[in-house]
Asker: 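The following block contains the structure, expressed as structure tokens.
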Amino acid sequence: MVKTKIFLSLFAFIAALLWPPIFHARELEAYDGDTLEVQAPKIWVKGIPIEIKIKVPPGAKASECSLLDGSGKARSFPCEPGKVTPVPEAVIGSSGTHAMTAAAGDMKAGFSVRVIHGLLTLLPPLIAIGLALAFRQVVAALWISIWVGALVLYDWSPFTAVARSIDHYIIGSMADSGNASMLVFIIFMGGLIGIIAKSGGIQGVVELIAKRATSAMRGQVAAFLMGMFIFFDDYANTIIVGTTMRPISDKLRISREKLSYIVDSTAAPVASIFPISTWIGYEVGLIDKALSSIGSGDSGYMMFIESILYRFYPIFALALVLMVALTGREIGPMLKAERRARREGKPLRDGAIPMSTMESERVNPPEGKPRRWYNALVPLLFVIGVTFYGLWVNGLAELGGGVAEVRANSSAYGPLWGPIYVLGQVFSAASPNVVLAWASLGGCILTVVLVVGQRILTMAEAMQAWLSGVESMVIAIVVLLMAWSLGSVCGDLHTAEYLTTSLAGTLSPHALPVLTFVLAGGISFATGTSYGTMAILMPLVIPIANRLCLDAGMGQADQHYILVGVVSSVLAGSVFGDHCSPISDTTIMSSMASGSDHVDHVRTQLPYAILAGLVGIVLGSLPAAFGVSPLVSITLGVAAMAGVLYLFGRKVDENDKTVAPASE
């Protein structure tokens, strides 16, 4: 009897957890009532306008549609048969499940929508960031945050949340073609590094660079210059610079935290501001569309070019990396990490969990075989060359007949910017993740041919080294996949929209660039994506800036300064938040490529990112909104950061009587 009661109690408990059932329909993306179609998000945020669309079938006799919400309030608006019509000002001010009815003529469609409080949309990113920083367990923090997000989305059913976090978010992220291409690129690059490490190629590069990079300062400058050289894609930048410089930085007793900081700070900042990169088309497209929405005849491309000098965070982030490398002064946790590496010869702290490792005996070069530098540099340069060429070929194919139009438009930019405009448009039309996968596979094939042809490795040894390299990337792949899944959760919860609507308000036009930077940084930090932040904010802030300028009676020149400032703040703030966020893909990949503990990388990089961000606001965005030349702001900003390093920074070797020579 007791066993029966226990069994029934357990059954009732599980049944309660499973209600609503695991496979209860939660998708609210399309309904058909009679012949009227309604499109709505699967979840809504209280007080936030989210678009509902109604499609009247072709041939129907209806010129007006209406939406009746659960409170009995009806809203009518014009609609046209055969076309999708958005419902204007669709806002619900209370939480809970609301029954709604759409109507057009005699046709009706009933549906319900679940509304949540906006603060719930912030739970997943806050939990992920808080747990990762508190317990230094990134995978566990990301998994819990995904589950919490699914819990909110799927009616607070714990088991349903587990199921949806796996089949909808994690598997969905893997199924995305762009994400899958990036995973293939990481796998092939891991295999490539495994082969060149086993063949002695990396040791050859170390010996070659060590002849000039004879100190920690020179090693850091070498990593900085390499990061500046690979300007066309931030993902390629992080992988190539991090994996190439890692053994060199270890030899020079540079901490892995410092290497990952240099890698991270010369990836997105360079790719985001360089006129020829995989970023430019995306950025220019957003600017163009937003300018068109306010009836502006300005060119999105020229606005992009003009905004480069106003993107103070990427510029200051790059300048700060170089100053820190040249002066040897550090602030915050980075000072402790660098002193540990320099004094104790420990690139990683005790107990650190590196995102990738090449410490296995299977990748140590065989005894008696030559360590040839070109067995590493030739494949890596080949990857860079194929990526550059692949972006051109793939971009041309994607543009198709649009190539002629791009070339025709280039004449408007003159002989200097015209060719750059063409390259930028072609590169931006390409699928960079696919191209990177091509390049990394080609690099693997070339490397196998090189090392087997020279009889440094047998084919079996080369394949075993390739597998060892892939194994070293497993942790990073898992973390990256989790981060993408969390991004999907935040998208379904409308986290970015909630932040944007909550923080937006009536302001002075001169304060808008600063607010935009802070808002972009906050959204990018919470969601871990700079691209998504740009897509949310650009079409919102440009019309707001235009309206505020008109209301304030500003002249044409002053309006232009504000518009440029707002555009640059969106682009710069997105990179800033992306740098600070532990759930950002580029931050994760920087830890992976540098072999750093991910949480250690975030903690040590944060003070530098905040310093560059604050200086960018105070001496950059704010003065620029009043017409101060960006060159003046950049000069003052660099001087201010140098002053902070001098006043608050400490030399790594300060108070050391001796510094032991780097171990071979």
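Everything numeric in this text was worked out from a predicted model, so none of it was measured.
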Asker: Quick check: does any side chain N or O of Gln454 sit under 3.5 Å from a backbone N or O of Leu450, one acting as donor and the other as acceptor?
Answerer: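 Side chain of Gln454 to backbone of Leu450, a donor-acceptor pair under 3.5 Å: yes, one is there.
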Asker: For residues Tyr261 and Leu320, determine if any side-chain heavy atom of one lies less than 4.5 Å from a side-chain heavy atom of the other.
Answerer: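 They are in side-chain contact.
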Asker: Just so I know, are the side chains of Trp373 and Val378 near enough to count as touching, which here means a heavy-atom distance under 4.5 Å?
Answerer: no
Asker: To the closest 0.5 Å, what do you measure between OG (Ser199) and CG (Asn375)?
Answerer: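 If I round to the nearest 0.5 Å, the distance is 5.0 Å.
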Asker: Taking all non-hydrogen atoms of both residues into account, name the closest pair between Ile273 and Pro269 and its distance.
Answerer: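 For Ile273 and Pro269, the tightest heavy-atom pair comes out as CG1-O, 3.1 Å.
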Asker: For a 4.5 angstrom cut-off between non-hydrogen side-chain atoms, does Trp484 reach Ile588?
Answerer: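 No, every pair of side-chain atoms sits at 4.5 Å or beyond.
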Asker: Rounded at 0.5 Å granularity, tell me how far CG in Leu391 sits from CG in Leu396.
Answerer: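 Leu391 CG to Leu396 CG: 11.0 Å, rounded to 0.5 Å.
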Asker: Between the side chain of Ser591 and the main-chain N/O of Thr587, is any donor-acceptor distance below 3.5 Å?
Answerer: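 Indeed, once roles are kept as given, a pair shorter than 3.5 Å links the two residues.
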Asker: Without swapping roles, check the side chain of Glu330 against the backbone of Val324 for a donor-acceptor pair under 3.5 Å.
Answerer: no
Asker: Are His168 and Asp492 close enough, and set up right, to give a side-chain contact (heavy atoms from CB on, under 4.5 Å), and what steps lead you there?
Answerer: CA-CA 11 Å; His168 183 70; Asp492 287 347; 3.9 Å; yes
Asker: Can you tell me which residue among Phe388, Trp392, Phe274 is in a ring-ring contact (aromatic ring centres under 6.0 Å, His included) with Phe427?
Answerer: Phe388
Asker: Return yes when atom CD of Glu344 has more than 12 non-hydrogen atoms of other residues, nucleotides or ligands closer than 6.0 Å, and no otherwise.
Answerer: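 Count over threshold, so yes.
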Asker: Side-chain contact, heavy-atom cut-off 4.5 Å: Met463 with Val448?
Answerer: yes
Asker: Among Arg340, Arg339, Arg349, which residue satisfies the salt bridge (Lys or Arg N to Asp or Glu O under 4.0 Å) criterion with Glu257?
Answerer: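 Running salt bridge (Lys or Arg N to Asp or Glu O under 4.0 Å) over Arg340, Arg339, Arg349 with Glu257 returns exactly one hit, Arg340.
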Asker: Are Ile195 and Val451 side-chain neighbours, meaning at least one heavy-atom pair lies under 4.5 Å?
Answerer: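 The answer is yes; the side chains approach within 4.5 Å.
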Asker: Does the pair Leu318 and Ser265 meet the rule for a side-chain contact (heavy atoms from CB on, under 4.5 Å), with working shown?
Answerer: CA-CA 6 Å; Leu318 291 170; Ser265 297; 5.7 Å; no
Asker: With heavy-atom distances below 4.5 Å as the criterion, would you say the side chains of Val426 and Arg407 are in contact?
Answerer: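 In short, these two side chains do not touch, never coming nearer than 4.5 Å.
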Asker: Is the closest side-chain donor-acceptor distance between Thr586 and Asp234 under 3.5 Å?
Answerer: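 The criterion, which ignores hydrogens and geometry beyond distance, is not satisfied for Asp234 and Thr586.
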Asker: May I ask you to decide if Arg218's main-chain N or O and Ser215's side chain share a donor-acceptor pair within less than 3.5 Å?
Answerer: yes
Asker: With rounding to the nearest 0.5 angstrom, report the CG to OG distance, Leu259 to Ser249.
Answerer: 4.5 Å
Asker: What are the two closest heavy atoms between Val570 and Met538, and how far apart are they?
Answerer: CG1-CE, 3.7 Å
Asker: Between Ser594 and Ser596, does any side-chain donor sit less than 3.5 Å from a side-chain acceptor?
Answerer: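 Per modelled atom types, Ser594 and Ser596 side chains form no pair under 3.5 Å.
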Asker: CG/Leu142 to CG/Leu131 distance, rounded to the nearest 0.5 angstrom?
Answerer: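 Leu142 atom CG to Leu131 atom CG measures 9.5 Å (nearest 0.5 Å).
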Asker: Taking the side chain as everything from C-beta on, heavy atoms only, tell me whether Trp438 gets closer than 4.5 Å to Phe185.
Answerer: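 When only atoms from C-beta onward are counted, Phe185 and Trp438 do not touch, as no gap falls below 4.5 Å.
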Asker: As a quick check of understanding, evaluate side-chain contact (heavy atoms from CB on, under 4.5 Å) for Trp143 and Ile170, giving each step before the final call.
Answerer: CA-CA 10 Å; Trp143 164 253; Ile170 295 178; 3.7 Å; yes
Asker: Is there a donor-acceptor contact under 3.5 Å from the side chain of Arg342 to the main chain of Arg253?
Answerer: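 Flag set: sc Arg342 to bb Arg253 pair under 3.5 Å.
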Asker: Below 4.0 angstrom, N of the basic side chain to O of the carboxylate: do Arg256 and Asp250 qualify?
Answerer: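 So Arg256 pairs with Asp250 through a salt bridge.
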Asker: Under 3.5 Å, side chain of Asp597 to main-chain N/O of Ile353, donor-acceptor pair present?
Answerer: yes
Asker: Can you find a heavy atom in the side chain of Pro607 that is under 4.5 Å from one in the side chain of Pro333?
Answerer: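 A side-chain contact under 4.5 Å exists here.
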Asker: Within the distance-only criterion (no hydrogens, no angle test), does the side chain of Asn179 pair as donor or acceptor with the backbone N or O of Met174 below 3.5 angstrom?
Answerer: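 Not a single qualifying donor-acceptor pair exists.
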Asker: Locate the shortest heavy-atom distance separating Ser530 from Ser574; write the atom from each residue and the value.
Answerer: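 In this case the closest contact between Ser530 and Ser574 is CB-O, 3.6 Å.
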Asker: Looking only at heavy atoms, which two atoms of Asp264 and His579 are closest? And how far apart?
Answerer: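 In terms of heavy atoms, the two residues are closest at O-NE2, 2.8 Å.
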Asker: Set out, in order, the CA-CA distance, both residues' side-chain angles and the distance that settles side-chain contact (heavy atoms from CB on, under 4.5 Å) for Phe316 and Met323, then state yes or no.
Answerer: CA-CA 10 Å; Phe316 288 155; Met323 283 193 293; over 6 Å; no
Asker: Determine the minimum heavy-atom distance between Gly573 and Ser524, stating which atoms define it.
Answerer: O-CB, 4.4 Å
Asker: When the ring planes of Tyr313 and Phe576 are compared, do they come out parallel, tilted or perpendicular, using 30° and 60° as the limits?
Answerer: perpendicular
Asker: For the backbone of Ile262 and the side chain of Thr266, can you confirm whether one donor and one acceptor N or O come within less than 3.5 Å of each other?
Answerer: yes
Asker: What distance do Ile196 atom CD1 and Leu446 atom CG have between them, rounded to the nearest 0.5 Å?
Answerer: 11.0 Å
Asker: Taking the side chain from Lys258 and the backbone from Pro347, do they hold a donor-acceptor pair closer than 3.5 Å?
Answerer: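 No.
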Asker: To the nearest 0.5 Å, what is the distance between CG (Leu481) and OG (Ser173)?
Answerer: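 Answer for the CG-OG pair, Leu481 versus Ser173, is 6.0 Å.
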Asker: Is His598 reaching over with its side chain to a backbone N or O of Pro354, donor-acceptor style, under 3.5 angstrom?
Answerer: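 Flag not set: sc His598 to bb Pro354 has no pair under 3.5 Å.
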Asker: State, to 0.1 Å, how close Gly443 and Val383 come at their nearest heavy-atom pair, and which atoms those are.
Answerer: CA-CG2, 4.0 Å
